Amino acid sequence: MDRQAKAVVCREWGKPVQVETITVEGPKRGEITIKIAACGVCHSDLSATTGKIQYPPPLVLGHEAAGVVVEVGEGVTEFKEGDHVVSSFISMCGKCRQCVRGRPVLCENARKAMFTLPDGTVRTKDANGEPLNVFGACGVMAEYATMHVDNCVKVDQSVPMQNAALVGCAVMTGVGAVFNTAKLEPGSRAAVFGIGGVGLNAIQGCATAGAEMIVAVDSNPKKLEMAREFGATHTVDINEVEDAAKAVKKLTGGVDYAFECVGAGPVVEQAYKSLGRGGTAVVVGVADPKDKTSITTLTLPADEKTLKGSWLGSARPQHDFPRILGLYKAGKLKLDELITRTYPIEDAAQAFDDMVAGKNARGVIVFE
Ligand code: NAD
Ligand code: ZN
């Protein structure tokens, strides 16, 4: 059935987000409709409103949500009404070479579903009946969303929805970059550049994985304070040093792993430069498509350095989301402390402004 839903929409790049009442159609074959309970505000949502991430407007934002299944489409056996689910913004066909080798974030068919559902169409339309694209096959910054089952992960009902929501992006991305992409060894030295929702999770991932030293690098003293609460052993305020990479090297002798959680060529360069011999720099931040970085080529062979990327923490969502929630339930990952502030959907624009101002670990939109 069709449902009316308040939704956060980007109408034009460079303009503030707006809240509209949209129509969300019921599920087609292989899809389910979710009543959203909470949706985190990620820097990637902001990047989609500036055109840094080039999803064409009009676009329903949101890719980090949890909610309850309210309607199940034909042929769906994995979900029933009442199940709690977390959204996953990677589309995976399950059949291509990457999917079958266990790397669904690299699915060769995923690019077909960057801003639509996997079949190339959408279930969302505005008050004039015009179709609305959806961020990452999700579009979950809305009271309801209809998604393909492969973009939904069933989760434990005992976890509060606000906490579960964050596993859909910030937690999976940050913790997964450490666990899955870097496979950080206990006793390693690490640095995290950019202490937003993603960077904080890279820090707690490093702490949980047994890093010996964890250096947090940011320009915002409040973020560096949060970093300490999440396990950072040292902090570098980039406004207080001439060269952040040199400052990290001075503290650690050169790190084994550096995580770039900003999305800018110069920061990638710093992360790479902060490595010791044999170190690995993992780029998590999403840069503008034209952005470039530079590294000294000789250091790749001579120091056996590695520069690699990480998409949604190299997740296998159906396996990793429950695994991360299990670590939270066991007291090994902090999720409650990530939520600095919640907002009703009417205050969505404020939530974006607060993220830009660096006020929140994560701001979360909560629905009635
Ligand atoms: P955020 O806005 O919450 O945090 C960004 C942080 O970076 C802020 O604390 C800011 O002060 C800091 N910063 C800015 N410039 C800096 C610099 N030069 N040096 C050090 N710190 C600096 O953002 P977020 O939601 O944590 O997202 C971070 C990045 O990760 C974004 O680029 C986002 O698009 C990307 N992201 C990637 C994935 C993925 O799958 N790879 C998933 C989610 C988000
Ligand atoms: Zn995100």
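In this text, all values refer to a predicted model and were calculated from it rather than measured experimentally. Atoms within each ligand, like the ligands themselves, are counted from 1 in listed order. The chain is numbered in sequence order, starting from 1.
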Which residue and non-hydrogen atom of the protein lie closest to atom 30 (O) of ligand 1, and at what distance in Å?
Gly285 CA, 3.6 Å
Ser314 and Arg316: side chain donor to acceptor below 3.5 Å:
no
Around atom 8 (C) of ligand 1, find the nearest protein heavy atom and jot down its residue, atom name and distance.
Asp218 OD2, 3.5 Å
Nearest-neighbour protein heavy atom for atom 7 (O) of ligand 1, which is reported as residue plus atom name and distance
Gly194 CA, 3.5 Å
Compute the shortest N/O to N/O distance between Gly313 and ligand 1 and return yes if it is under 3.5 Å, no if not.
no
Location of contacts on Ser310 toward ligand 1, heavy atoms closer than 4.0 Å
backbone
Ligand 1-proximal atoms of Ser44, by part, heavy-atom distance under 4.0 Å
both
Have a look at ligand 1 and work out which part of Thr173, if any, has a heavy atom under 4.0 Å from it: side chain, backbone, both or neither.
side chain
Below 4.0 Å, non-hydrogen atoms only: which portion of Lys223 touches ligand 1? Side chain, backbone, both or neither.
side chain
Inspect the surroundings of NZ in Lys249 and state if more than 12 heavy atoms from other residues, nucleotides or ligands are less than 6.0 Å away.
yes
For the atom pair NZ (Lys246) and OG (Ser274), what is the distance rounded to the nearest 0.5 Å?
13.5 Å
Taking atom 18 (N) of ligand 1 as the reference point, the nearest protein heavy atom with its distance
Val267 CG2, 3.5 Å
Taking the non-hydrogen atoms of Gly358, is any one of them nearer than 4.0 angstrom to ligand 1?
no
4.0 Å heavy-atom contact, Trp311 with ligand 1
yes
Show which atoms of ligand 1 fall inside a sub-4.0 Å distance from at least one heavy-atom site of Gly197.
3 (O), 26 (O)
Above 12 or not: heavy atoms from other molecules or residues under 6.0 Å from NZ of Lys305?
yes
Within a 6.0 Å radius of atom CZ on Arg97, are there more than 12 heavy atoms belonging to other residues, nucleotides or ligands?
no
Tyr55 ring center near Phe135 ring center (under 6.0 Å):
yes
How far is atom 23 (O) of ligand 1 from its nearest protein heavy atom, and which residue and atom name does that atom have?
His43 CB, 3.1 Å
Spell out, as yes or no, whether a donor-acceptor pair under 3.5 Å connects the side chain of Arg11 to the backbone of Leu59.
no
Other residues, nucleotides and ligands only: do more than 12 of their heavy atoms fall within 6.0 Å of CD on Glu346?
yes
Are any of the heavy atoms in Arg362 under 4.0 Å away from ligand 1?
yes
Leu312 versus ligand 1: do any nitrogen or oxygen atoms come within less than 3.5 Å of each other?
yes
Considering only the protein, which heavy-atom contact is closest to atom 28 (C) of ligand 1, and what is its distance?
Cys261 O, 3.2 Å
Evaluation steps, side chain to side chain donor-acceptor pair (under 3.5 Å), between Asn360 and Tyr343
CA-CA 12 Å; Asn360 297 337; Tyr343 302 81; 2.9 Å; yes
Examine distances only and state if a side-chain atom of Thr181 and a backbone atom of Val178 form a donor-acceptor pair shorter than 3.5 Å.
no
The reported gap from CD1 in Ile339 to NZ in Lys334 (rounded to nearest 0.5 angstrom) is 14.0 Å
What are the atoms of ligand 1, with element, lying closer than 4.0 Å to any heavy atom of Ser219?
11 (O)
Under 2.8 Å from the Zn ion (ligand 2) - does any N, O or S atom of His43 fall there?
no
Can you see which heavy atom on Lys329 is nearest to which on Ser158, and at what distance?
NZ-OG, 3.2 Å
Working to the nearest 0.5 Å, report the span between CD of Glu185 and CZ of Arg189.
13.5 Å
Under a 4.0 Å N-O cut-off, is there an ion pair linking Glu25 with Arg3?
no
Where on Leu46 is there a heavy atom closer than 4.0 Å to ligand 1, on the side chain, on the backbone, on both, or on neither?
neither
Please state which protein non-hydrogen atom is closest to atom 13 (N) of ligand 1 and give its distance, to 0.1 Å?
Val262 CG2, 3.9 Å
Just which atoms of ligand 1 are under 4.0 Å from any heavy atom in Ile195?
6 (C), 9 (O)
Which residue and atom name correspond to the protein heavy atom nearest atom 4 (O) of ligand 1, and how close is it?
Gly196 CA, 3.1 Å
Would you give the angle at the Zn ion (ligand 2) between His63 atom NE2 and Cys169 atom SG, to the nearest 10°?
120°
Cys42 heavy atoms within 4.0 Å reach ligand 1 at atoms 25 (O), 43 (C), 44 (C)
